[in-house]
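A note on names: the letters A, B, ... follow the listed sequences, proteins ahead of strands, and every chain is numbered from 1.
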Amino acid sequence: MKSLKIGLAGAVLTATLCGTAYADKIVLDVTAWKGNEAEPAGLPELIEKFEAENPEIDVEFSYISRLDTDVVLPPRLQGNNAPDVMMTDMPLVKIWSEAGLLADLGKDSPWYGNIEPALQPSVTAGEAVYIMPLEVIGMGNFVNLSLLKQAGVEDIPTTLDGLKDACGKLADAGIKPLVFTGSFSAPLFVIANGIERAEGQAAPYGSPDKTFAGDAAFGSVLDTVRELIDARCLDPKGQAGLDPWSTALTAFKSGDFAMMPQGAWNIADFSSVADLDFAFAPIPSGKDTGVALDLFGIGWSVSANSQHQEAARKFVSFFSEEENLQIMLDAESAYSPFVGGQSGTSDVTKPYDASRAEGGVIMYPFAVLDWPKPLEKEIWDSLTGFLLNTDRSNDEVLERWDEAVEDS
Amino acid sequence: MPEAWGRVLQPIRIYLFTVPALLVIGAFFVYPILLSVNLSFTNFTGVGVANYIGWANYERFLSRSRYLNSVGVTIKFTFLVVVFQTLIGLVFAALLHRMPAIRNFCRAVLFTPAMMSFVIVGYVWQFIYAPYTGGLNAFLSAIGLESLARGWLGDPSTALFAIAATHVWMFVGYTTAIFLVGFANIPSDIEEAGRLDGASSWQRFRYLELPLLAPSFTVNIILSTVGTLKTFELPFIMTRGGPDRATNTLSLEIVNNLFGSYKFGFASALSIVMLLIVVAVAIVQNIYLKRREDNQ
């Protein structure tokens, strides 16, 4: 009987202590569309490190895909049951902050002043800041070095003339030069060159102030596409049958094509292919540097209704520390959004890095809200239509872009 | 007094039993539709306040050719799927009805694609139709028909047919199964009488079985029409509505407006338009097919 009493007392004491310890801990609800097995982005390691450094905070991490984020989080935000910290991008930030659902992280945040000047205005909404950027990822031209060598092309093309010359040599050697799908690769080329020709001024096109139709910069890029077809860079009708997210990637990995404008997030996948000797270069353009089309993809935001504002901000700031962010950048082959920050890129991206260093950077206009999101799909559709019938006038294509801007 | 009340309540008592069912229907079917109608008159973005904007969403639907084009694509796709799925399902069912030894095995095989996920089916067929490395073009080349090879999903003139073929491949087992049930319900003495009168297999099918399969036609056509009108999965996975909107169904347009563009109000307007189309088509079909059944 005595031993039973001692046992019971021990159990009660243990339960009380455990309960107290648990009650003292802040449980931080964090969601992201990275951090799973396929795309870890260093998050498991970073969360473990954060918890070790902040023993009073327990991070409860949930992976929610980007597509599911649109479905799962709005009802939680509306129902005052949002996660404390959420991975976001600018289209989400725009909608959620306008509804008053995100906390202002403040211009006085320790990391705000260090954001790259080109990016800082985009993440600032008036006097408020609703997102702490995590990474900038490149969109450029993947080049199969073995195929280029086989065709006698010495240098990776970064200019339009270089590209046309390379296409001719590749075509002569019986190699298909360029993946140019209307629903991603072609838009990257057209957007990069169009903005470059517009002296880097993307924002006016996303407003009623300026139209694409009749615009010399974008009209002339469509003429350039016709020149690429004449230079045997691409079979325009065949491109429409390639899916940029599946069959085009497989075709490039299989060595069916020598070049492909795409995003740097494919580097890890391509690196796993034996015998695929490739480089990630800027998009060929009218300038020697080519265009390094940078995509500001993801960041952290804090729910306005979070009960753990201080812990949430501590979590967000943790990622702005260089040694921590580096883990994510390495995993993502991405660039730091902060001044003087390192990159997670490798030798494969040297041509792209060089273009960035020489001032060839253009920010992808959709990711910084210079252009409305619905326009992106319209550009994909209209360029696919253009590739199927290049006799269409430039204005016929570009008027559809203006219509999408007007509707949004 | 209670007796008097009983007499008063008697006629309405029977309706009181329907109240629980009506409540469930009201809460889970009617209310969401009314909510969608309400949202369709707003600029709701999924969060925050929904501002009333009158008929603006419907005006936009009517004033932009892309949305009317989506309705056209949806109707064309539905027509292709319903016609071919019904005819092929009927042929399979007629053949299997005459081959009892392999009927169950073949029925299971035909039904298998319908149990697969749309995502898997979409990706597999995307690779089959691929222009440079695809199985279909490789097969055509192997049998000397290289001139027919093309980017099946990249050519606006073939993309919708290619997706419709995938859809038919996926669901023809359903249609076959329903027709087989129809065949099983035909009294054996009718077939036997036909045989005794010297009717050939084709004549028995044409003049005896086909008219008696009228209820199976009704079920098949209405189910496949309603299901196909709402489809978005295969066009979403295989072409994302391309090339240049050649496969952009109304459902896909709704999804694109909801997720990515965050135009919940406009997407609600589109879904109301779709609901009206589905209801109208289903009513017309039902009236026509029921009348046809009654005339048999």
Side-chain angles (χ1 to χ4, degrees), chain A residues 66-71 73-78 82 91-92 94-101 176 179 181-183 235-248 250-251 254 256-257 372-378 380-389 400 403-404 406-408, chain B residues 44-50 56-57 60-61 63-67 69 119 122-124 126-134 136-137 149-159 162 236-248 252-253 255-264 266:
Chain A
R66 175 63 184 83
L67 206 57
D68 288 342
T69 299
D70 283 339
V71 182
L73 290 189
R76 289 187 63 183
L77 283 156
Q78 283 279 77
L92 288 176
K94 183 177 189 301
I95 300 281
W96 294 351
S97 65
E98 282 175 1
L101 298 167
K176 289 189 271 293
V179 171
T181 58
S183 48
D235 157 28
K237 288 198 168 71
Q239 297 294 328
L242 285 171
D243 179 6
W245 316 109
S246 58
T247 46
T250 309
S254 313
D256 291 334
F257 286 87
K373 191 75 178 155
L375 173 60
E376 191 176 37
K377 179 81 169 60
E378 191 56 55
W380 294 3
D381 284 342
S382 60
L383 286 182
T384 303
F386 173 69
L387 289 173
L388 289 166
N389 177 13
R400 287 172 61 174
E403 202 176 85
E406 194 186 318
D407 277 356
S408 52
Chain B
F44 190 50
T45 58
V47 291
V49 181
N57 287 328
R60 204 168 120 219
F61 167 77
S63 64
R64 296 290 195 217
S65 60
R66 59 176 297 172
Y67 305 118
N69 176 62
V119 178
Y123 273 116
V124 167
Q126 203 179 37
F127 279 96
I128 290 172
Y129 289 135
Y132 298 105
T133 52
L136 181 57
N137 283 348
R150 62 181 67 215
W152 297 94
L153 294 173
D155 185 338
S157 63
T158 56
F236 178 75
I237 296 157
M238 294 172 75
T239 58
R240 288 183 173 76
D244 197 14
R245 299 188 194 140
T247 60
N248 199 42
L252 193 50
E253 192 66 53
V255 171
N256 286 334
N257 274 283
L258 272 179
F259 308 118
S261 297
Y262 308 108
K263 292 178 179 168
F264 280 60
F266 183 62

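- Using a 4.5 Å cut-off between heavy atoms, A:S382 touches chain B through its backbone atoms (N, CA, C, O) alone.
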- [ ] Decide yes or no on side chain to side chain contact (heavy atoms under 4.5 Å, CB included) for A:S246 and B:Q126, but give the supporting numbers first.
- [x] CA-CA 9 Å; A:S246 58; B:Q126 203 179 37; 2.8 Å; yes

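- Residue contact with chain A, scored on non-hydrogen atoms closer than 4.5 Å, is absent for B:N257.
- When all heavy atoms of B:G48 and A:A99 are compared, the pair lying nearest together is CA-CB, 3.7 Å.
- Ranked by heavy-atom pairs under 4.5 Å with chain B, the first of A:V71, A:D256, A:T69, A:L383 is A:V71.
- When heavy atoms are compared at a cutoff of 4.5 Å, A:E98 does not approach chain B at all.
- The shortest non-hydrogen separation linking A:G385 to B:D244 is CA-OD2, 3.3 Å.
- How far NZ of A:K373 is from NZ of B:K263: 12.5 Å, rounded to the nearest 0.5 Å.
- Neither the backbone nor the side chain of A:W380 has a heavy atom closer than 4.5 Å to any heavy atom of chain B.
- Within the 4.5 angstrom heavy-atom criterion, no atom of A:T181 approaches chain B.
- When every heavy atom of A:L388 is checked against every heavy atom of B:G154, the shortest pair comes out as CD2-O, 3.5 Å.
- Between chain A and the residues B:R150, B:R60, B:M238, the largest count of heavy-atom pairs under 4.5 Å involves B:R60.
- To the nearest 0.5 Å, atoms OH (B:Y123) and CG (A:D243) are separated by 6.5 Å.
- Comment: B:R66 does not engage A:D407 in a salt bridge, judged by the lack of any side-chain N to carboxylate O separation of less than 4.0 angstrom.
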- Report the C-alpha distance between B:Y262 and A:D70 in whole Å, list the side-chain angles of each, state the deciding distance to 0.1 Å, and finish with yes or no for side chain to side chain contact (heavy atoms under 4.5 Å, CB included). CA-CA 8 Å; B:Y262 308 108; A:D70 283 339; 2.7 Å; yes

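- When all heavy atoms are compared, the tightest approach of B:S261 to A:P374 is OG-CG, 3.6 Å.
- Of the listed residues A:R66, A:K377, A:R400, the one with more heavy-atom pairs under 4.5 angstrom with chain B than any other is A:R400.
- For A:F386, no part sits under 4.5 Å from any heavy atom of chain B, backbone or side chain.
- Counting all heavy atoms, side chain and backbone alike, A:P74 lies closest to B:G46 at CB-O, 3.9 Å.
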